Amino acid sequence: MTFSLKPSYEDPRTARLVERLRDHLDGELADYERERGITPASRLTRADLEPVWRRSRELGFYGIHLPEEYGGQNLSFTQLGALKEEIGASGRVLAHSVLGDMGGPLRAGDILKHATPHQLETYLLPLLRGERACCFSLTETDAGSDVRAMRTVAVPDGDGYRLTGHKVFSSAGPFADFAIVVARMAGTGEEEGDKPRFSAFLVDLDSPGCRVEDGATPMSGEHIESDIVLDDCHVPAANLLGEEGQGMRIALGRVTTNRLLHCPTVLGATRRAIALTLDRARTRKVAGGQPLLMLQAIQHKLADMATGFYAARSMTYASLAALDEGREVHTEAFMCKLFVAESAFRILDEAVQIHGKEGLTQGNEIEYLFRKIRMFRVLTGTSEIQRNGIAKLLAFHH
């Protein structure tokens, strides 16, 4: 894999898809955002997103990674990675809605294989068509890295269950019709002196006893999070995903793959930051009228930024290729998440430095990207959790 800030691909199919996606992101989607005055801090509505879902579906991007039976193109992980990188590199606010990250097919993930015909018909196939949207409700205030500390509880009740609890950081919650909620089965857990058992449920967000509240605004400033508050909310037995007790396995089933697939999006955003910083260094004049880029201190910063990016990108695609070959990549996924998060943050820190005052000003894209990228060192598993995973696998499997 060679270095480039606008990668090309030898595989003709990947090259074709990347080209089409770039055209859509830079053309039609850019125009759509401009017409609606959409910025990263906009309070997006369902009315903003639905046309993007539908258009992306028409163009074949929405759920493109899925098998053909679900309207996808059965992409390899490497191909999906290349498209996710372009999403991150585009600078588009609504890019997350093109492949289906925001409440769509990428968010629903692997649950298709656990779904009954009724669940497919009612929830998941409409989701794949861009007609419905979901959020994933796993995290709680005191159950983040340690999801097993979960307090949301499911009590069996006649022909269904009653759910009570408070979920936070449900991304896409403001636009979703239903949530995939993981809850602890009543009568299991430490208080009862046995192992907690968790189950996963499809919960209609307009059910009695279910409230969607404004979530905390993350440091990126985006309004895409919700709290899902359940108060004795009845969920029919037909909405149990898989079997009782399988909830955590269903929720974390694709965790290695997902951990790896977050990396290309972040790499894309990092690539954009390097390109913007290069432009800044070429055009910004310093004392004596020469461009910033002529200063060796700046050249060295840019050299380190580009090198860090190349290393992080190379290891990510090497791991995606191994995944495509059917190999286990648990250790590699931890390593990629750790290295990409830490490298991207260092690169963005330098990008802010080179931009000077502009890099500190709200409304400047570099300032926004710095905040957005900083979050990745915590989201989907902190850097410390990744190190724990690497150390454990080194100690016991090598």
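For the single chain, residues carry numbers from 1 onward in sequence order. The structure presented is a predicted model; accordingly, all values stated were derived computationally and were not measured.
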Enclosure of [X] [atom1] (heavy-atom neighbours >12, cutoff 6.0 Å):
X	atom1	result
R129	CZ	yes
Q299	CD	yes
K357	NZ	no
E58	CD	yes

Rounded distance [0.5 Å steps], [atom1] in [X] versus [atom2] in [Y]:
X	Y	atom1	atom2	value
T270	I373	OG1	CD1	4.0 Å
I224	R43	CD1	CZ	12.0 Å
N258	L261	CG	CG	6.5 Å
I366	R272	CD1	CZ	8.5 Å
E325	T78	CD	OG1	8.5 Å
L44	F175	CG	CZ	5.0 Å

Using a 4.5 Å cut-off on heavy atoms from C-beta on, say whether the side chain of [Y] contacts that of [X].
X	Y	result
I347	F309	yes
P218	K372	no
V229	V212	no
M335	M315	yes
L99	Y62	no
H166	L230	no
R259	T380	no
L202	L240	no

If two hydrophobic side chains count as joined below 4.5 Å and joins carry through other members, does [X] share a cluster with [Y]?
X	Y	value
L348	I274	yes
V153	L163	no
F198	V181	no
L293	L276	yes
V286	L278	yes

Taking every non-hydrogen atom, the tightest pair across [X] and [Y]:
X	Y	result
A133	W53	CB-CH2, 3.5 Å
R313	T2	NH1-O, 4.2 Å
Y368	S220	CE1-O, 3.4 Å
C233	G209	CB-O, 3.6 Å
S4	R271	O-CD, 4.5 Å
E131	D177	O-OD2, 4.4 Å

Quick one: do V340 and F376 satisfy side-chain contact (heavy atoms from CB on, under 4.5 Å)? Show the steps, please. CA-CA 9 Å; V340 169; F376 192 58; 4.2 Å; yes
Before giving the answer on side chain to side chain donor-acceptor pair (under 3.5 Å), spell out for S170 and S137 the whole-Å C-alpha distance, their side-chain angles and the decisive distance to 0.1 Å. CA-CA 5 Å; S170 289; S137 298; 2.9 Å; yes
One pair to check against side-chain contact (heavy atoms from CB on, under 4.5 Å): R20 and H24. What are the steps and the verdict? CA-CA 6 Å; R20 281 188 52 228; H24 175 61; over 6 Å; no
State whether the side chain of [X] and the backbone N or O of [Y] hold a donor-acceptor pair below 3.5 Å, judged by distance alone.
X	Y	answer
T39	A41	yes
T188	R197	yes
S207	C210	no
K167	T141	no
R92	D26	no
E33	L94	yes
S343	G308	no
D204	D206	no
Q79	S76	yes
Q386	G381	yes

Just by distance, with hydrogens left out, do H234 and D157 show a side-chain donor and acceptor under 3.5 Å apart?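 There is no such pair (donor and acceptor under 3.5 Å, judged by atom type) between the side chains of H234 and D157.
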Any donor-acceptor N or O pair under 3.5 Å, side chains E342, S383: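 The answer is yes; a qualifying pair exists.
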Taking the six-membered ring where the residue is Trp, are the ring centres of Y161 and F201 under 6.0 Å apart?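 Centroid distance Y161-F201: below 6.0 Å, so yes.
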Is [X] salt-bridged to [Y], cutoff N-O under 4.0 Å?
X	Y	result
R371	E367	yes
R211	D231	no
E140	R151	no

Could you walk me through whether E244 and S199 pass side chain to side chain donor-acceptor pair (under 3.5 Å), step by step? CA-CA 5 Å; E244 270 189 26; S199 299; 5.3 Å; no
Check step by step if side-chain contact (heavy atoms from CB on, under 4.5 Å) holds for L83 and L17. CA-CA 8 Å; L83 296 185; L17 287 172; 4.0 Å; yes
Candidate pair H330 and T256, rule side chain to side chain donor-acceptor pair (under 3.5 Å), full reasoning: CA-CA 6 Å; H330 293 314; T256 296; 2.9 Å; yes
Would you please test R16 and R13 for side-chain contact (heavy atoms from CB on, under 4.5 Å) and show each step? CA-CA 5 Å; R16 204 166 50 244; R13 187 183 182 206; 3.9 Å; yes
After noting the C-alpha distance and the side-chain angles of E350 and R346, does the key distance pass the salt bridge (Lys or Arg N to Asp or Glu O under 4.0 Å) rule? CA-CA 6 Å; E350 291 290 28; R346 279 195 300 273; over 6 Å; no
For F345, is the NZ or CZ atom of R377 found under 6.0 angstrom from the centre of its six-membered ring and inside 45 degrees of the ring axis?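 So R377 does make the cation-pi contact.
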Evaluation steps, salt bridge (Lys or Arg N to Asp or Glu O under 4.0 Å), between R54 and E50: CA-CA 6 Å; R54 281 200 300 272; E50 258 180 8; 3.8 Å; yes
Does the pair N364 and H355 meet the rule for a side chain to side chain donor-acceptor pair (under 3.5 Å), with working shown? CA-CA 10 Å; N364 183 287; H355 275 75; 5.0 Å; no
